[in-house]
Amino acid sequence: NTSATVPQADLHISNASGTSTLMFGRANSWSSTVTSNSSGALAITGGNSNFGVTTTAQDGGYIVNLAGTGNLSIQRNGTTFLFGQQSTGNVGIGTTAPVATNRLEVKGGAIAAGSIGSGTGNAGQVRFYDLGDSGNNFVAFRAPDSIASDVVWSLPAADGTVGQVLSTNGAGSLSWA
């Protein structure tokens, strides 16, 4: 405890300036530093990397900041489940090597789109946005408001020929006809 206040925990560091620092390593050769400021931001620095966590005033969530050139990897028990590639800005879920042309790449399962609201016409949808300057226009596939059971369609393996339409066999298999 670096101030005259009563400790609030087993290790309590406080500082009248509003910024507290905890250093690890040998004297005059610190390997890691943890710093907290009066707004609740936490910065961890050491070696060639910097990392910071800040709570947001709006929702109590967390903002993670990385300084430098490292990737962002969120792991649990040594398994990466969310990966951000610094050089491209691409994000991988279930992969640490998202393909360069994929802004978001999901491996190992289905991608689910939940409803976007509670009223009629707000069932889950997949949107594809235009290339325009604003990128505000899209085409979408949307689920019906009510479905009696799950429906999965399997697309044909190749493109059809001129004039053909996509047809179903009534059991989820699509083909060109």
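Just the heavy atoms: all of them, side chains too, but no hydrogens, waters or symmetry mates, feed the values below.
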Are V151 and L166 co-members of a hydrophobic cluster defined by side-chain heavy atoms under 4.5 Å apart? yes

Would you say the ring centers of F138 and F128 fall short of 6.0 Å from each other? no

Report the distance from atom OG of S173 to atom CG of L155, rounding to the nearest 0.5 Å. 9.5 Å

Closest approach of G92 to P98 (non-hydrogen atoms, all atoms of both residues): N-CG, 4.0 Å

Distance-minimising heavy-atom pair for W176 and P156: NE1-CG, 3.3 Å

Looking at every heavy atom in both D145 and N122, which two are closest together, and how far apart are they? OD1-N, 3.9 Å

How far apart are the C-alpha atoms of N90 and L104, what are their side-chain angles, what is the distance that settles it, and do they pass the side-chain contact (heavy atoms from CB on, under 4.5 Å) test? CA-CA 6 Å; N90 293 353; L104 171 64; over 6 Å; no

Spell out, yes or no, whether V106 and V91 are grouped together once hydrophobic residues are joined by side-chain heavy atoms under 4.5 Å, including indirect joins. yes

Would you name the heavy atoms of F83 and T96 that are closest together and state the gap between them? CE2-O, 3.2 Å

Mind checking whether F141 and V139 sit in one hydrophobic cluster, side chains of I, L, V, M, F, W, Y counted as touching below 4.5 Å? yes

Hydrophobic cluster identity match, W153 and I147, side-chain contacts under 4.5 Å: yes

CA sep, side-chain torsions, deciding dist, call: R127, I116, side-chain contact (heavy atoms from CB on, under 4.5 Å): CA-CA 12 Å; R127 295 178 180 183; I116 59 174; 3.8 Å; yes

Looking at R142 and A123, what are the two nearest heavy atoms and their distance? CG-O, 3.7 Å

Rounded to the nearest 0.5 Å, what's the gap from CG on N102 to OG1 on T88? Could you check? 10.0 Å

